[in-house]
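Down below is the structure, laid out as structure tokens.
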Amino acid sequence: MRICQFDDHRLGIVNDAAVRDVTAVLGALPAQRYPFPPGDLLIAGLPRLKDALSAAPPTTPILPLSQVRLLSPVANPGKIVAAPVNYRKHLEEVREHADLHHGNAGHQEEIRRRGLFLKATSSLIGASQPVLLRHPDRRTDHEVELAVIIGKTCSAVGRDRALEYVAGYAIGLDITIRGPEERSFRKSLDTYTVLGPWLVTVDELPDASALELALEINGETRQHANTRDLILSVPELIEFASSFYSLLPGDILLTGTPEGVAPIQPGDVMRASIEGIGEMTVQVAAA
Ligand code: MN
């Protein structure tokens, strides 16, 4: 199942070029009062909503995909966890351009020694929303990544059981200003995390270990790789992350970008694709 959020936080199921508006299903979510529980309510509720989502009556409105405005398929993630250099060739690329990755000499180290980092949840947008460059004087790069959406709370889970806690996958863009500041600072600007175009549930994509992923800028391929070249696989990343903190429903795990990162400018059009998920076209503009 491909679950999207669109327009004014409507809920949709995507089939080819059509979106079924299943917003009414959200009425089955438990009513909430302040203080709200941590985690994303919809993602946490997916196992219970699944039957209702797939059995939506034939009377549900159907919209052309091209006419909806796609938002992030996760509205309220508690955190966005991200892996630094996690592809072998990107590691080599970073070594060659140490000046760009100023202050990050430790990039050469194994990811396990470097750890993971967090991006502000306020940086999150969906595929139909533009990336707005705030500091056009600074080099700002695209990074296409397989994004994992956590479905159930887990802590200290082993890699052998890690996939039991995954709700699904999406395409992630980890937009990054290069420079000496902390990663979380350079990567947390508003609109600098794109998640989309929808969430593909694990029953539709049970194995993410060998997916082609690519990113084009204005029709020119910049990044093209396969998730089989991840240094830490998805189960290993979940094991690693959850050995430090609990992962909650709706938490997003960006698995790292392959080689080919390069600058983006206002006016550019990014087209990102991952096998088994789909593709999305994202505009770049000045803030
Ligand atoms: Mn990244």
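Note that ligands are numbered from 1 as they come in the structure, with each ligand's atoms numbered from 1 the same way. Just so it is clear, the values below take in all heavy atoms, side chains as well, and ignore hydrogens, waters and symmetry mates. No experiment lies behind these values; they were computed from the predicted model shown.
Sequence neighbours left out, not one pair with a member in residues 120-133 passes salt bridge (charged side-chain N to carboxylate O under 4.0 Å, His left out).
Residues Lys187 and Thr176 bring a donor and an acceptor atom of their side chains to less than 3.5 Å of each other. Residues His224 and Glu212 bring a donor and an acceptor atom of their side chains to less than 3.5 Å of each other.
Here the Mn ion (ligand 1) has protein N, O or S atoms under 2.8 Å from it, and they come to 3.
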Inset, instruction - Decide yes or no on salt bridge (charged side-chain N to carboxylate O under 4.0 Å, His left out) for Arg2 and Glu204, but give the supporting numbers first. - result: CA-CA 8 Å; Arg2 299 178 172 209; Glu204 181 167 332; 2.9 Å; yes
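Only one option out of Thr191, Thr193, Ile264, Asp141 pairs with Ile175 in a side-chain contact (heavy atoms from CB on, under 4.5 Å); it is Ile264. Between Met1 and the options Val202, Leu53, Asn15, Val200, a side-chain contact (heavy atoms from CB on, under 4.5 Å) holds for only Leu53.
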